[in-house]
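Structure first, commentary second.
Bear in mind that the values here come from a model prediction, so they are computed numbers and not experimental data.
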Amino acid sequence: MNKNYPLYKVEHFKTIREMLKKQAETNKDTVAYKYEDGKSVKEVTYGEFYSEVISLGTALCEKGYQHKHIACIGHNSYKWILVYMTAILSDNVFIPIDKDLPQGDIINVVNHSEADIVFCDKKYDEFLRDADFAKSVEIVSLDDEEKGLESLVKKGREAVSKGDTRYSETELSPSDEMKMILYTSGTTGNPKGVMLSEKNMLACVCSGLEIADVSGIALSVLPYHHSYELVGGLLMAVHEGSTVCINKSLKSVTKSLLLFKPTYMMIVPAFAELFYERIWANIRKKGKEKGFKLLLALSRSLLKVGIDKRKQFFGEIHAVFGGRMEKLICGGAPLRPEIAYFFDDIGISLQTGYGITECSPLVTGNREHFDDPVTVGVTLPCNEVRIDAPDKDGIGEIKVKGDSVMLGYYKEPEKTAEVLKDGWFYTGDYGKFTDKRQLIITGRKKNLIVLTNGKNIFPEEIEEYIQAIPEVKEVIVFSKKDIGGYQKSLTARVFVNPDMPLSPEELRIKISGELARLPKYKQVQEIIMEKEAFEKTTTNKIKRQKYVE
């Protein structure tokens, strides 16, 4: 732990266009993107990619798309990235749409964002063309070679070859104006679009790289409508001249690891937990649990005297990750600290951070040599973070001020005023700082339980203890209300791993053991065993309110 080691030196760009153009000039032969194309792997260099961006942008200019709203919906693909980068390198506004939304919600987003053109996978083509939008919207297929995206790129390339410089020389809007609208949950009937500027995104990219070395070969697995991957993943890679390997689907992650052999990944806790569980399940299946734990202890002892044998001792695990994996950057939700410790024990750094879409999205992050998985790290250099109205334990609502904080919610001044006050964004998350100024998240404001005895409980804390039980797959802790509406005691809904079944009595004993160190008012009084996994949002978060109600 070295609190005071210097920040990494990072070049700060004024525009994203300038950032990509530099890579196209200085690293034009470096592979920017790799992806499966049929049975082969296709590679696109930074020089080739920049040329395609200019071509598509020129074609859009020919069609009159300047100062317009450009949306995109579909699975992760090179073409999706091409549309994204073309839009944000222009004077247009980009709207990424969650591909897993119901059709009605997709229409709401297109209407609310005032999209002029929507690029889409063939899955959405017919539905979008038949949709009744509030205004005329052009639909362009990402897959139709004759009439879709590829035909636009071809037309743009021809125009550029004849000297058309409208796109490449477009005068860009000021960097503090709206560049992207990202929709958070709750889009049905009342969408909430987070307005981000180019300044917001570049602040997140550059400040994030000042505290974390994220470069090399990335395996891109998170959905592209997600701000974490959109800004932290794709734009950071451009800044560093990294190679982004595009994973086709969640089912193909294991195959992609072996195919592309990445050095780092941006992930959410669900991925980390899945990797962790599968590794341990495989160890138990082979009957090697005792020997593995002894090897972990030996490895830790050797590290204390400066001998690192982790890649040799745990070579089989490294091979599953492709053999070159160095780092997992994890954010989007809380992660149990023991998972981060485990990956460090086997020689893969797992660094956690905290972010929220309204902050582009990064707020804090753990550093390589100042890393404490119990926390979500230190504040990004571009921001200031404070705890509002802290209690006696230093816990209060987290508020953020700085260059990465959003402009507001699109067409929602009242909702904006609720969370943006005197330049401070009130996150709705509760937390506290350690004496080393590392942030600890204690829970969501909307989940806070206030018992009739006046005690405040963050259910996330109790859930973390219960989640440490190997057999527990998922858990939600909440308080049932009595007839008068008062919250008296805690209830846990638990989904047990089907591969490691427990009887209700065994589960109660294990939960009681895990919670024994906590005060009596934090003990769970009732346990409900779920037969199926909890329903999730498109960003893989449990729909808590559905089960609490």
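- For the pair His69 (side chain) and Ser113 (backbone), a donor-acceptor distance under 3.5 Å is present.
- Between Ser151 and Gly148, the shortest heavy-atom contact is OG-O, 2.6 Å.
- Between Val268 and Leu222 there is a side-chain heavy-atom pair separated by less than 4.5 Å.
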Q.
Before you tell me yes or no, could you show the steps for Tyr50 and Gln23 under side chain to side chain donor-acceptor pair (under 3.5 Å), namely the whole-Å CA-CA distance, both residues' side-chain angles and the distance that decides it to 0.1 Å?
A. CA-CA 9 Å; Tyr50 186 66; Gln23 294 299 350; over 6 Å; no

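- Between Pro361 and Cys204 the shortest side-chain heavy-atom distance falls below 4.5 Å.
- Ser404 places none of its side-chain heavy atoms less than 4.5 Å from the side chain of Leu362.
- Looking at Arg17, its side chain does come within 3.5 Å of a backbone N or O of Ser168 through a donor-acceptor pair.
- Tyr409 and Glu358 are linked by a side-chain donor-acceptor pair at a separation below 3.5 angstrom, with hydrogens and angles left out of the test.
- Between Phe321 and Phe275, the two ring planes are perpendicular [angle over 60°; tilted spans 30° to 60°].
- No side-chain heavy atom of Lys14 sits less than 4.5 Å from a side-chain heavy atom of Met19.
- Shown here is Lys28, whose NZ atom has no more than 12 heavy atoms of other residues, nucleotides or ligands within 6.0 Å.
- Atom NZ of Lys9 has 12 or fewer heavy atoms from other residues, nucleotides or ligands within 6.0 Å.
- Checking side-chain atoms of Asn200 against main-chain N and O of Cys359 turns up no donor-acceptor pair under 3.5 Å.
- In this structure, the separation between SG on Cys330 and CD on Gln351 is 11.0 Å, given to the nearest 0.5 Å.
- When side chains are defined from C-beta on, Lys68 does not count as touching Leu60, because their heavy atoms never get closer than 4.5 Å.
- You'll find the ring centres of Tyr84 and Tyr224 outside the 6.0 Å limit.
- Shown here is Lys411, whose NZ atom has more than 12 heavy atoms of other residues, nucleotides or ligands within 6.0 Å.
- At distances below 3.5 Å, at least one donor-acceptor pair connects side-chain atoms of Glu48 with backbone N or O atoms of Thr45.
- Going from atom OG1 of Thr170 over to atom CG of Asp91 covers 5.5 Å, rounded to the nearest 0.5 Å.
- Listed for the Asn92 side chain is a donor-acceptor partner under 3.5 Å among the backbone atoms of His67.
- In this structure a side-chain-to-backbone donor-acceptor pair under 3.5 Å is present from Tyr124 to Lys99.
- Under 4.0 Å is where a charged nitrogen must lie from a carboxylate oxygen, and between Glu384 and Arg386 at least one such pair does.
- Checked by atom type, the side-chain pair His318/Glu326 shows no donor-acceptor distance below 3.5 Å.
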Q) Run the side chain to side chain contact (heavy atoms under 4.5 Å, CB included) check on Phe119 and Ile70 step by step: do they pass? A) CA-CA 8 Å; Phe119 289 84; Ile70 299 175; 3.9 Å; yes

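- When every heavy atom of Phe260 is checked against every heavy atom of Arg324, the shortest pair comes out as O-NH2, 3.3 Å.
- Under the 3.5 Å distance criterion, with hydrogens and angles disregarded, a donor-acceptor pair is assigned to the side chains of Tyr78 and Glu52.
- With hydrogens and angles disregarded, no donor-acceptor distance shorter than 3.5 Å links the side chain of Asp344 to the backbone of Ser349.
- Rounding to the nearest 0.5 angstrom, the gap separating the CD1 atom in Ile106 from the CG atom in Leu128 is 6.5 Å.
- For an aromatic pair to be called close, the ring centres must be under 6.0 Å apart, and Trp80 with Tyr33 fails this.
- Using a 4.5 Å cut-off on side-chain heavy atoms (C-beta onward), Leu257 and Met325 make contact.
- No side-chain donor from either of Tyr183 and His225 sits under 3.5 Å from a side-chain acceptor of the other.
- A donor-acceptor pair under 3.5 Å links the side-chain atoms of Asp143 to the main chain of Lys122, judged by distance alone.
- Between the CZ atom in Phe13 and the CD1 atom in Ile16 there is a gap of 11.0 Å [rounded to 0.5 Å].
- Side-chain atoms of Ser220 and Glu229, non-hydrogen and from C-beta on, do get closer than 4.5 Å to each other.
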Q: Would you check, one step at a time, whether the test salt bridge (charged side-chain N to carboxylate O under 4.0 Å, His left out) holds for Arg367 with Asp371?
A: CA-CA 5 Å; Arg367 305 189 64 195; Asp371 185 2; over 6 Å; no

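- Counting heavy atoms of neighbouring residues, nucleotides and ligands inside a 6.0 Å radius, atom NZ of Lys436 does not exceed 12 of them.
- Under the rule for a salt bridge (charged side-chain N to carboxylate O under 4.0 Å, His left out), Glu177 has no partner lying at least two apart in sequence or in another chain.
- Summarising the local packing, CZ of Arg278 is surrounded by 12 or fewer heavy atoms from other residues, nucleotides or ligands at distances under 6.0 Å.
- To the nearest 0.5 Å, atoms CD (Glu171) and CD (Gln66) are separated by 11.5 Å.
- By the neighbour-count criterion of 12 heavy atoms within 6.0 Å, atom CD of Glu368 is densely surrounded, having more than that number from other residues, nucleotides or ligands.
- For the 3.5 Å distance criterion, the side chains of Thr427 and Glu397 fail to qualify, holding no donor opposite an acceptor.
- Residues Ile73 and Leu101 have side chains not in contact (no heavy-atom distance under 4.5 Å, counting atoms from C-beta outward).
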**Q.** Derivation of the ring pair (Phe, Tyr, Trp, His ring centres under 6.0 Å) call for Phe342 and Tyr276
**A.** CA-CA 8 Å; Phe342 171 80; Tyr276 177 79; 5.2 Å; yes

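- Distance check, rounded to the nearest 0.5 Å: CG of Leu439 to OG1 of Thr434 gives 8.5 Å.
- A cation-pi arrangement is absent between Lys401 and Phe425, since the terminal nitrogen or guanidinium carbon is not both under 6.0 Å from the aromatic centre and inside a 45° cone about the axis.
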Q: Evaluate the criterion salt bridge (charged side-chain N to carboxylate O under 4.0 Å, His left out) for residue pair Asp176 and Lys199; output intermediate values, then yes/no.
A: CA-CA 5 Å; Asp176 57 355; Lys199 181 180 178 181; 5.8 Å; no

Q) Between Thr15 and Glu198, is a side chain to side chain contact (heavy atoms under 4.5 Å, CB included) present by the stated rule, with each step listed? A) CA-CA 7 Å; Thr15 66; Glu198 191 166 25; 3.6 Å; yes

Q: Show your reasoning for whether side chain to side chain contact (heavy atoms under 4.5 Å, CB included) applies to Val137 and Asp116.
A: CA-CA 5 Å; Val137 180; Asp116 297 289; over 6 Å; no

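- Within a 6.0 Å sphere centred on NZ of Lys79, other residues, nucleotides and ligands contribute more than 12 heavy atoms.
- Side chains of Asn247 and Tyr35: no donor on one and acceptor on the other come within 3.5 Å.
- With Asp121 contributing its side chain and Lys123 its backbone, the two residues share no donor-acceptor pair below 3.5 Å.
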Q. What's the verdict on side chain to side chain contact (heavy atoms under 4.5 Å, CB included) for Val31 and Lys34, showing C-alpha distance, side-chain angles and the deciding distance?
A. CA-CA 7 Å; Val31 176; Lys34 284 186 179 183; 3.8 Å; yes

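- Partners of Lys154 under the side chain to side chain donor-acceptor pair (under 3.5 Å) rule, at least two apart in sequence or in another chain, do not exist in this structure.
- Within the 3.5 Å criterion, the main-chain N or O of Ser90 finds a donor-acceptor partner in the side chain of Lys179.
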